[in-house]
A.B. asks: 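One structure is given below, represented as structure tokens, and several questions about it will come after.
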Amino acid sequence: MHAMPTRPPTQFELRVYRATTKIPRGRVTTYGLLARHIRCRSAQAIGQALSRNPFAPEVPCHRVIASDMTLGGFAGRSGGKTVARKNELLAAEGVEFRTGRLLDPERRLYRF
DNA sequence: TGGTTGACAGTCC
DNA sequence: CGGACTGCCAACC
């Protein structure tokens with residue numbers, strides 16, 4: 001494994017990470033809601049920043065899911081084993097998914 | 001359900 | 001600097 005030379009987080013990424021730390025344990029928010037909170041019009045840009053989160057899981061990017069209540073991506077990918085890991089981290093906080101969807105969104109969704 | 005279109009940060013010419 | 005391209009997305013057909 002060759003560790004590619006990395007890059008320090010940009011100001012934008014730090015803003016995203018700071019907002020992410022505000023999500024309480026046991027709750028989740030969406031890429032879009034997080035974007036709105038920091039006044040960014042691109043939810044995808046949020047996903048990009050989180051995909052490079054060097055502070056996971058201290059900066060709990062696993063608590064950010066898609067607007068359709070599916071898991072979204074994790075660790076730089078959109079599917080497979082990495083997403084299973086995201087699911088685990090959430091399950092450990094009591095956040096559960098059935099058939100790919102968040103259970104009890106009314107209680108679990110954090111709206112800032 | 002699925003395709004299209006909008007938005008935008010970061011990367012690489 | 002400019003433009004093309006990609007990406008843990010999302011609103012709207």
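Order of the sequence lines fixes the chain letters, A, B, ..., with proteins taken first and strands second; residue numbering starts at 1 for each chain. The model shown is predicted, which means the values in this text are computed figures rather than measured ones.
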A.B. asks: What's the CD1-P distance between A:Ile38 and C:dC9, to the nearest Å?
C.D. replies: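 So the two atoms are 15 Å apart, to the nearest Å.
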A.B. asks: Using side chain to side chain contact (heavy atoms under 4.5 Å, CB included), reason through A:Arg63 and A:Leu90 one step at a time and then give a plain yes or no.
C.D. replies: CA-CA 7 Å; A:Arg63 295 180 192 148; A:Leu90 288 172; 4.1 Å; yes
A.B. asks: Is there a donor-acceptor contact under 3.5 Å from the side chain of A:Arg52 to the main chain of A:Gly76?
C.D. replies: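 Absent.
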A.B. asks: Of all the choices, B:dA7, B:dA9, C:dC8, which nucleotide is nearest to the side chain of A:Leu50 once you look at every atom?
C.D. replies: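 Out of B:dA7, B:dA9, C:dC8, the nucleotide with an atom closest to A:Leu50's side chain is C:dC8.
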A.B. asks: Figure out the CD/P separation between A:Gln44 and B:dG6, and round it to whole Å.
C.D. replies: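 Value for this atom pair: 14 Å.
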A.B. asks: Can you tell me which nucleotide in B:dC8, B:dT11, C:dC8 comes closest to the side chain of A:Arg7?
C.D. replies: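 Looking only at side-chain atoms, A:Arg7 lies closest to B:dT11.
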A.B. asks: When you check the phosphate oxygens OP1 and OP2 of C:dC8, does a side-chain N or O of A:Ser51 lie under 4.0 Å from one of them?
C.D. replies: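 Yes, within the criterion.
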A.B. asks: Atom CZ of A:Arg36 and atom C1' of C:dA11: how far apart are they, to the nearest Å?
C.D. replies: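 Spelled out: CZ on A:Arg36 to C1' on C:dA11 is 13 Å.
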A.B. asks: Between A:Ile46 (CD1) and B:dA9 (C1'), how many Å, whole number?
C.D. replies: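 Result: 10 Å.
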A.B. asks: Using the side chain to side chain contact (heavy atoms under 4.5 Å, CB included) rule, take A:Ile46 and A:Phe12 through it: C-alpha gap first, then chi angles, then the decisive distance, then the call.
C.D. replies: CA-CA 9 Å; A:Ile46 302 298; A:Phe12 174 76; 4.1 Å; yes
A.B. asks: Taking the side chain of A:Thr30 as its heavy atoms from C-beta onward, which of B:dA9, C:dC8, C:dA10 lies nearest to it?
C.D. replies: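 It is C:dA10.
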A.B. asks: Report which part of the nucleic acid A:Ala49 touches: base, sugar-phosphate, or nothing (heavy-atom distance under 4.0 Å, all strands).
C.D. replies: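 Result for A:Ala49 = nothing.
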A.B. asks: Over how many whole Å does the gap from A:Leu34 atom CG to C:dA10 atom P extend?
C.D. replies: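 It is 10 Å, rounded to the nearest whole Å.
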A.B. asks: Is any side-chain heavy atom of A:Met69 less than 4.5 Å from a side-chain heavy atom of A:Ile65?
C.D. replies: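 When only atoms from C-beta onward are counted, A:Ile65 and A:Met69 do touch, with a gap below 4.5 Å.
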A.B. asks: Can you tell if the side chain of A:Leu34 reaches within under 4.5 Å of the side chain of A:Phe112, non-hydrogen atoms only?
C.D. replies: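 Yes, their side chains come closer than 4.5 Å.
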A.B. asks: In whole Å, what is the span from the OH atom of A:Tyr31 to the C1' atom of C:dC8?
C.D. replies: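 So the OH-C1' distance, A:Tyr31 to C:dC8, works out to 4 Å.
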A.B. asks: A:Lys86 has a side chain; which of C:dA10, C:dG7, C:dC8 sits nearest to it?
C.D. replies: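 So the side chain of A:Lys86 is nearest to C:dC8.
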A.B. asks: Can any side-chain N or O of A:Arg108 pair as donor or acceptor with the backbone N or O of A:Glu96 at less than 3.5 Å?
C.D. replies: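 Checking the backbone N and O of A:Glu96 against the side chain of A:Arg108, no donor-acceptor pair under 3.5 Å is found.
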A.B. asks: Once you round it to whole Å, what is the distance between P of C:dC8 and OH of A:Tyr17?
C.D. replies: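 So the two atoms are 12 Å apart, to the nearest Å.
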A.B. asks: Taking the side chain of A:Glu13 as heavy atoms from C-beta outward, which of C:dG7, C:dC8, B:dG10 is closest to it?
C.D. replies: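 Comparing C:dG7, C:dC8, B:dG10 against the side chain of A:Glu13, the answer is B:dG10.
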A.B. asks: Looking only at the side chain of A:Cys40 (C-beta and beyond, no hydrogens), which of the listed nucleotides B:dA7, B:dC8, B:dG10 gets closest?
C.D. replies: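 So the side chain of A:Cys40 is nearest to B:dC8.
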A.B. asks: What's the CZ-P distance between A:Phe12 and C:dC9, to the nearest Å?
C.D. replies: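 So the two atoms are 14 Å apart, to the nearest Å.
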A.B. asks: Side chain of A:Arg41, heavy atoms from C-beta onward: which of B:dC8, C:dC8, C:dG7 has the nearest atom to it?
C.D. replies: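 Of all the options, the side chain of A:Arg41 is nearest to B:dC8.
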A.B. asks: Which whole number of Å gives the distance between the C1' atom of C:dC12 and that of B:dT1?
C.D. replies: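 Nearest-Å result for C:dC12 against B:dT1 at atom C1': 14 Å.
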A.B. asks: Quick one: label A:Ser67 by what it contacts on the DNA or RNA (base, sugar-phosphate, nothing), any heavy atom closer than 4.0 Å.
C.D. replies: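 Sugar-phosphate only.
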A.B. asks: Looking across every strand, which nucleic acid part, if any, lies under 4.0 Å from A:Gly76 by heavy atom: base, sugar-phosphate, or nothing?
C.D. replies: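 The residue A:Gly76 makes base contact.
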A.B. asks: Looking at the side chain of A:Ala66, which of C:dA10, B:dC8, C:dC8 is the nearest nucleotide?
C.D. replies: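 Nearest to the side-chain atoms of A:Ala66, counting from C-beta on, is C:dA10.
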A.B. asks: Any idea which of C:dC8, B:dA9, C:dA10 is nearest the A:Cys61 side chain?
C.D. replies: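 Closest nucleotide to the A:Cys61 side chain: C:dC8.
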